[in-house]
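From a predicted model like this one, the values you see are computed outputs, not experimental measurements. Below, all heavy atoms of this structure are taken into account, side chains as well, without hydrogens, waters or symmetry copies.
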Amino acid sequence: QPGPAWSWTAFANSINWMVNQPQKAAIINLSLGSNGFFTDNALAALKNAINKDTLLTISSGNEGQSQPSWPAAYANAAWANGQIIVVGSVDKNNQLSSFSNAAGVTAPWYVVAPGEEVTVGRIGKTYATVDGTSFAAPIVAGQAALIKSRWPQLKSYEIAQIIFQTATRLGEMQDDFNPDPLYGWGLIDVTKSLQPIGILEVQLADGTKLPVALLS
């Protein structure tokens with residue numbers, strides 16, 4: 001959360017450093033949020049990451065509001081190019097956490113992941129149990145990294161679409177075309193996202209395609 005010790009310049013420099021390297025970061029997780037727009041240099045850094053085909057997973061925020069905080073709210077901007085995944089939190093019953101900001105206008109780019117009673121490592125080789133969308137978002141970043149590691153040719157927006165398409169629908173919108181205003185596309189499914197989507201086909205020498213299921 002930006003506060004007295006927050007440096008917008010340091011934030012922008014960090015993002016730019018990660019994406020301007022020859023071996024750029026393919027995925028960046030941002031477990032942070034602000035109640036207002038980002039500064040020009042911080043916003044420029046986010047746009048630079050998008051232009052470099054980096055996927056951003058961003059926590060929706062912990063204010064219990066109907067809309068995500070910034071920078072997650074930038075997901076619906078045209079420049080985001082579908083490369084921002086907004087992540088909300090659910091409890092063990094897959095109910096939206098009371099503190100989690102809902103999908104709102106970012107529903108087409110929103111999923112949920114476990115964000116309550118999450119066990120994390122701490123300095124000194126100890127562990128802690130924590131709550132927050134800040135801990136749900138890195139889970140989605142890990143999912144994206146698994147997909148990228150198996151299919152490195154995929155573009156960032158394609159990885160995002162796979163995560164959206166394979167999520168388990170929650171809330172009132174249970175079809176594949178309309179995201180829910182609270183849950184977006186729903187609960188991530190890591191196993192399903194690593195499987196082929198649709199019909200797996202083989203192209204023959206004459207150009208025709210046959211489903212693998214029909215081949216001996």
Side-chain angles (χ1 to χ4, degrees), residues 1 14-15 18 25-33 46 49-50 54-65 68-75 80 82-104 106-123 126-152 154-171 179-180 182-195 197:
Q1 177 71 24
S14 298
I15 297 295
M18 285 188 283
I27 301 155
I28 294 177
N29 179 75
L30 296 175
S31 289
L32 51 86
L46 294 178
I50 295 298
T54 295
L55 180 66
L56 303 177
T57 59
I58 308 179
S59 55
S60 67
N62 302 325
E63 293 76 36
Q65 302 296 317
S69 59
W70 309 94
Y74 287 121
Q83 292 170 226
I84 294 178
I85 300 178
V86 184
V87 186
S89 166
V90 290
D91 62 18
K92 61 183 179 181
N93 297 315
N94 292 336
Q95 297 295 309
L96 192 69
S97 300
S98 59
F99 55 77
S100 179
N101 290 342
T106 69
W109 306 278
Y110 185 104
V111 290
V112 292
E116 295 190 35
E117 300 181 8
V118 179
T119 300
V120 298
R122 300 181 63 182
I123 296 174
T126 59
Y127 296 91
T129 300
V130 294
D131 300 333
T133 59
S134 288
F135 307 102
I139 296 175
V140 182
Q143 177 186 19
L146 287 172
I147 298 172
K148 183 70 173 179
S149 67
R150 295 196 182 192
W151 295 282
L154 291 176
K155 299 294 185 181
S156 291
Y157 75 89
E158 294 175 317
I159 295 174
Q161 285 300 314
I162 290 171
I163 292 173
F164 299 149
Q165 291 177 38
T166 57
T168 300
R169 302 292 182 258
L170 298 175
D180 186 79
L182 292 181
Y183 296 93
W185 294 113
L187 180 67
I188 61 167
D189 187 328
V190 176
T191 300
K192 190 175 180 181
S193 70
L194 296 175
Q195 304 302 316
I197 298 175

**Q** Using a 3.5 Å distance criterion without hydrogens, assess whether the side chain of Ser97 forms a donor-acceptor pair with backbone atoms of Ser89.
**A**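 Yes.
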**Q** I'd like to check Ser69 versus Asn101 (side-chain heavy atoms, cut-off strictly below 4.5 Å). Are they in contact?
**A**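 Counting from C-beta outward, Ser69 and Asn101 do come under 4.5 Å.
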**Q** Using every non-hydrogen atom in the two residues, find where Pro68 and Ala72 come nearest and quote the distance to one decimal.
**A** CB-CB, 3.9 Å
**Q** Between atom OG of Ser193 and atom CD1 of Ile147, what is the distance when rounded to the nearest 0.5 Å?
**A** 4.0 Å
**Q** Which atom names give the shortest non-hydrogen contact between Ser60 and Gly88, and what distance separates them?
**A** OG-CA, 3.6 Å
**Q** Can you check whether Leu154's main-chain N or O pairs, donor with acceptor, with Lys148's side chain at less than 3.5 Å?
**A** yes
**Q** Answer yes or no: does atom CD of Gln165 have more than 12 heavy-atom neighbours from other residues, nucleotides or ligands under 6.0 Å?
**A**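 Atom CD in Gln165 is packed in, count exceeds 12.
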**Q** Roughly how far, to the nearest 0.5 Å, is OG of Ser100 from CD of Glu116?
**A** 9.0 Å
**Q** Please report the closest heavy-atom contact between Thr54 and Ala25, naming both atoms and the distance.
**A** OG1-O, 2.9 Å
**Q** Is there a side-chain contact between Trp185 and Arg169, using heavy atoms and a 4.5 Å cut-off?
**A** yes
**Q** Is the shortest side-chain heavy-atom distance between Leu32 and Pro71 below 4.5 Å?
**A** yes
**Q** Under a 3.5 Å distance rule, please check whether Asp91 uses its side chain to pair with a backbone N or O of Asn93 as donor and acceptor.
**A**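 Yes, the answer is positive, given that a donor and an acceptor are paired below the 3.5 Å cut-off.
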**Q** Quick check: does any side chain N or O of Trp70 sit under 3.5 Å from a backbone N or O of Gly33, one acting as donor and the other as acceptor?
**A**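 No: the side chain of Trp70 does not pair with the backbone of Gly33.
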**Q** Do side-chain atoms of Gln83 reach the backbone of Ser156 as a donor and acceptor pair under 3.5 angstrom?
**A**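 Between the backbone of Ser156 and the side chain of Gln83 there is no qualifying donor-acceptor contact (under 3.5 Å).
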**Q** Mind listing the closest non-hydrogen atom pair of Asp180 and Ala103 along with its distance?
**A**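 Closest heavy-atom pair between Asp180 and Ala103: O-CB, 3.9 Å.
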**Q** From Tyr74 OH over to Leu56 CG, what is the distance, rounded to the nearest 0.5 angstrom?
**A**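 Reported value, rounded in 0.5 Å steps: 12.5 Å.
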**Q** Any side-chain heavy-atom pair from Leu194 and Trp151 closer than 4.5 angstrom?
**A**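 Yes, their side chains come closer than 4.5 Å.
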**Q** Looking at side-chain heavy atoms only, is the closest gap between Ile139 and Pro114 below 4.5 Å?
**A** yes
**Q** Around atom OH of Tyr157, are there more than 12 heavy atoms from other residues, nucleotides or ligands closer than 6.0 Å?
**A** no
**Q** If you round to the nearest 0.5 Å, how far is CG of Leu46 from CD1 of Ile58?
**A**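 Ile58 CD1 to Leu46 CG: 6.5 Å, rounded to 0.5 Å.
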**Q** For a quick test of reading the model, state the closest non-hydrogen atom pair linking Val111 to Phe164 and the distance between them.
**A** CG1-CD2, 3.7 Å
**Q** Out of curiosity, Ile85 CD1 to Gln161 CD, how far, rounded to the nearest 0.5 Å?
**A** 9.0 Å
**Q** Under a plain distance cut-off of 3.5 Å, with no hydrogens placed, do Thr166 and Asp189 share a side-chain donor-acceptor pair?
**A** no
**Q** Looking only at non-hydrogen atoms, find the nearest pair between Leu187 and Ala113 and report the distance.
**A**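 Of all heavy-atom pairs spanning Leu187 and Ala113, the closest is CD1-CA, 4.1 Å.
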**Q** Tell me if a side-chain donor or acceptor on Asn62 pairs with a main-chain N or O of Thr133 at a distance below 3.5 Å.
**A** yes
**Q** So, taking the atom named CD1 in Ile84 and the one named OH in Tyr110, what distance separates them when rounded to the nearest 0.5 Å?
**A** 15.0 Å
